[in-house]
Every structure is written in C-alpha cells, then in structure tokens.
2 protein chains.
Amino acid sequence: MGCVEFLKEKLGERNFKLTNQRKVVFEILTEKKEEHLSPEEIYEHIKDIYPEIGLATIYRTLQLFEEIGLVYKLNFDDGCYRYEILSPNNKEVHQHHHLICKKCGKIIEVKEDLMNSLEEIIEKQYNFEIKNHIVKFTGICSQCRNKENNNGNRKET
Amino acid sequence: MGCVEFLKEKLGERNFKLTNQRKVVFEILTEKKEEHLSPEEIYEHIKDIYPEIGLATIYRTLQLFEEIGLVYKLNFDDGCYRYEILSPNNKEVHQHHHLICKKCGKIIEVKEDLMNSLEEIIEKQYNFEIKNHIVKFTGICSQCRNKENNNGNRKET
DNA sequence: ATTATTGCAAAGCTTTTGCAATAGG
DNA sequence: CCTATTGCAAAAGCTTTGCAATAAT
C-alpha cells in the first residue's frame, strides 16, 4: 500500500530513519487523504494495526512530516490540528481551499484555483515569496441552507 | 476613547450587559487594532488599568465578541488564537489576508481583495453561503529575503 | 556499534468550567 | 430585585518533553 519508496527517499534526504511507525502514519495519511485527520484520529486508526504505538510518536512523526514537506498542517478551529498529505507527484499543488460550515462543521474541498492573480500582486507589491497559502471560507453549506428553508428560516444554535 | 456606544448597541441587541470588563477589552482591541492580540496579551495590557480582572473573563468576553460579530478569531499556528476587531463602520469588510513569514514569524496585512471572483464561483458551484473568509499566505518576507541574499543564500533554521 | 527513535508518564500550554460573590438593568 | 457576569481555582483538552529501552543503518 502507498508509495513507501517516496517516503524513504524524502526521509533519506535529511538522514532521517525509516521506521515502522513512520511508515504506518504515512500509509494512513495516504489511505485517508480526503479526511484531514487529527493526531488523535490517526492514533485511533493505527492502534488497530499497531497497538503498541504511542500517541507522542504520532505527534513527533507529524511534526517531522511537516518539516520535510510531506504533509500540510491545517486548522479548522475545532480544537486540534489536522493533516493533509501532499501529493508526491505534483509539486505545484500547494493550494488548500476549504469551505467550513458554521452550522454542522462540515469541511468541503474546493478544487478551483483563482488565487494566482492575487499571488502575483502580493509577490510584487510586498516582495513576499509565497510558499503556500490556505484559504478558509466560513459560511453555511448547501445542506444546512436547505434545512433552514424547510424550517421556514428558524434560527438554530 | 473608542466608540463605546457601538459596543453598547451590539450587546443590547442580544440583551447582553455592558460591563466594565467588556468595555475595557473592547477599548484595548480598538486601540491595538493592528496587533492581532492573544487573550494573554490582552490580559497583560488590561492588568495595568484593571488589575482585578481575571483571564477567564478575557476568554469569555472574546468568545462573546466573536459571537456577536465584533471580532474575528485568527489562527497563525503560534499556539494561541488571536483577535482582530471588526470595523464598526464597514459591514462589507470581512476579508483577512495575512502574509506569515516562515522565518521570522512576522505577520503582514494585505489590503487587496481579489477574492470576489473566487467567491462567486464557490457560492454558485457549491451552493455555499459565504459569510467570511481567511487567507493565509506563508512564505518569506522581504526583510528575510534580503538577509538571505546578504548571507549568500545560507540556510537558516 | 552508534545514535536516532520510541513508549510511557509527567509536564506544559491554552482554554474552559463550577461556584460563590458581585454588579448591571 | 433578579439574574447575568465575574474571579478564582480547578479541570480539561491538546501537545511537548525527559528518559530509559529499543531499533535502524
């Protein structure tokens, strides 16, 4: 499962060791790439196949993965960080657009990238070398909008 | 100092009380509107003029302010949330573009808003009602780029 | 063989909460 | 007067750290 070769290479570049724990975290992240897993969630998934792993190792591994550019750390204001694996094949993909529903908390991914023009302006005007960007839109998702209408616009908390 | 009338009105709308503590937090946020203060920092500022205030009150006040749309909660991945007061006069301003330097951690505000076209697409295509958005660009700021060049591209950690 | 990495438990943070005292409308 | 709000201290997360044991090159 997953291209462990890529992981080995990435680790090797900086003389980090390829351990089983790192392999397993990498595999879970690859397998669940759509899910924005938190350290805790990753831990729960892994305990099934690797019961002796420690939560601290997950944290350390994620930190390392972020450092070597293997994952992207996301914050959806829900009390923990979440991690998204970066595609091994596409070095250009650094966009993260997320729609966060204020009602149900659902997170929707956006594929479009219309940020390029903004990036150009920023790079020029602020002389800021953009490495990555994250865009969070908060609002009400289509599902919750429908519910609202069915309830005759009744307010929820 | 600050337009406390606006605060009173905002609180009144939802039958919240205008306490001294809330007034003071509002004033600090207004005064330091460029600084993205954390609860702890706000607490430190306030202790000078209001020594008996409790940190928990700051937290509760900020939560309340966010709920009534008086502040915007920001996360710069530095271990705490930070708050930005929303301009009383401009209900249209909901854009928050920040440039975060990966080297020195400096946060630069961007005024431009080229997000409107992206927003339109998202609203249509995902039927998602956008209430707010936050854009974080991470990269290297002009100052650090200069330093890098002076050091002949030596890598820093 | 050496040194990085791990697991565990403890500690460190920021943030939240329970409760009696206080103060605002 | 009545109830929301506060301060304090304790608790509750999430995350990090120290250290001896273990595993990778």
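FYI, side chains are in, hydrogens and waters are out, and symmetry mates aren't considered; it's all heavy atoms of this structure. In what follows, every chain begins at residue 1, and chains take the letters A, B, ... in the order their sequences are listed. Here the structure is a predicted model, which means the values were calculated and not measured.
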Exercise. Assign the ring pair B:Phe137 / B:His97 to parallel, tilted or perpendicular, where the plane angle (0 to 90°) is split at 30° and 60°.
Key: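 Taking B:His97 first and then B:Phe137, their aromatic rings sit tilted (interplane angle of 30° to 60°).
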Quiz item: Under 30°, 30 to 60°, or over 60°: which ring-plane class applies to A:Phe26 and A:Phe65, parallel, tilted or perpendicular?
Solution: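 Judged by the thresholds at 30° and 60°, the geometry between A:Phe26 and A:Phe65 is perpendicular.
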Quiz prompt | Of residues 54-62 of chain B, the positions that come close to DNA chain C - non-hydrogen atoms, cut-off under 4.0 Å | solution =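 Going residue by residue through residues 54-62 of chain B, the ones with a heavy atom under 4.0 Å of DNA chain C turn out to be B:Ala56, B:Tyr59, B:Arg60.
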[X] [atom1] - [N] [atom2] separation (whole Å):
X	N	atom1	atom2	result
A:Asp78	D:dG13	CG	P	14 Å
A:Asn75	D:dG13	CG	C1'	15 Å
B:Arg82	C:dT14	CZ	P	10 Å
B:Asp77	D:dC14	CG	P	17 Å
A:Arg22	C:dG7	CZ	P	11 Å
B:Lys23	D:dT5	NZ	C1'	14 Å
A:Leu64	C:dT6	CG	C1'	13 Å
A:Asn15	C:dT3	CG	C1'	12 Å

Using modelled atom types and a 3.5 Å cut-off, is there a donor and acceptor pairing between side-chain atoms of [X] and backbone atoms of [Y]?
X	Y	value
A:Thr57	A:Ile53	no
B:Glu41	B:Ser38	yes
B:Lys136	B:Asn75	yes

Quiz item: Can you name the residues that form a ring pair (Phe, Tyr, Trp, His ring centres under 6.0 Å) with B:His45, not counting sequence neighbours?
Solution: none
Quiz prompt | Among A:Leu62, A:Leu86, A:Leu70, the one residue meeting side-chain contact (heavy atoms from CB on, under 4.5 Å) with A:Leu29 | solution = A:Leu62
Exercise. To the nearest 0.5 Å, tell me how far A:Lys17 NZ sits from A:Leu64 CG.
Key: 13.0 Å
Quiz item: Distance from B:Ile134 atom CD1 to B:Tyr72 atom OH, nearest 0.5 Å?
Solution: 5.0 Å
Practice problem: Describe, as an angle rounded to 10 degrees, how the axis at the first end of the helix from C:dA1-D:dT25 to C:dG25-D:dC1 is tilted relative to the axis at the last end, five pairs per end. | Solution: 40°
Practice problem: Go through the structure and list residues passing side-chain hydrogen bond (donor to acceptor under 3.5 Å, both in side chains) with B:Glu109, not counting sequence neighbours. | Solution: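 Counting only residues at least two positions away or on another chain, B:Glu109 forms a side-chain hydrogen bond (donor to acceptor under 3.5 Å, both in side chains) with B:His36.
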Self-check item: Under 4.0 Å protein heavy-atom contact, by nucleotide of nucleotides 20-25 of chain D - B base, S sugar-phosphate only
Solution: ----BS
Practice problem: State, yes or no, whether a side-chain contact exists between A:Tyr126 and B:Leu99 at a heavy-atom distance under 4.5 Å. | Solution: yes
Quiz prompt | Nearest atoms (heavy-atom pairs only) where B:Lys10 meets B:Ile68 | solution = NZ-O, 3.3 Å
Quiz prompt | Over 12 foreign heavy atoms within 6.0 Å of CD, A:Glu13 | solution = yes
Quiz item: Does any residue of residues 39-52 of chain A have a heavy atom under 4.0 Å from DNA chain D, and if so, which ones, in number order?
Solution: A:Pro39
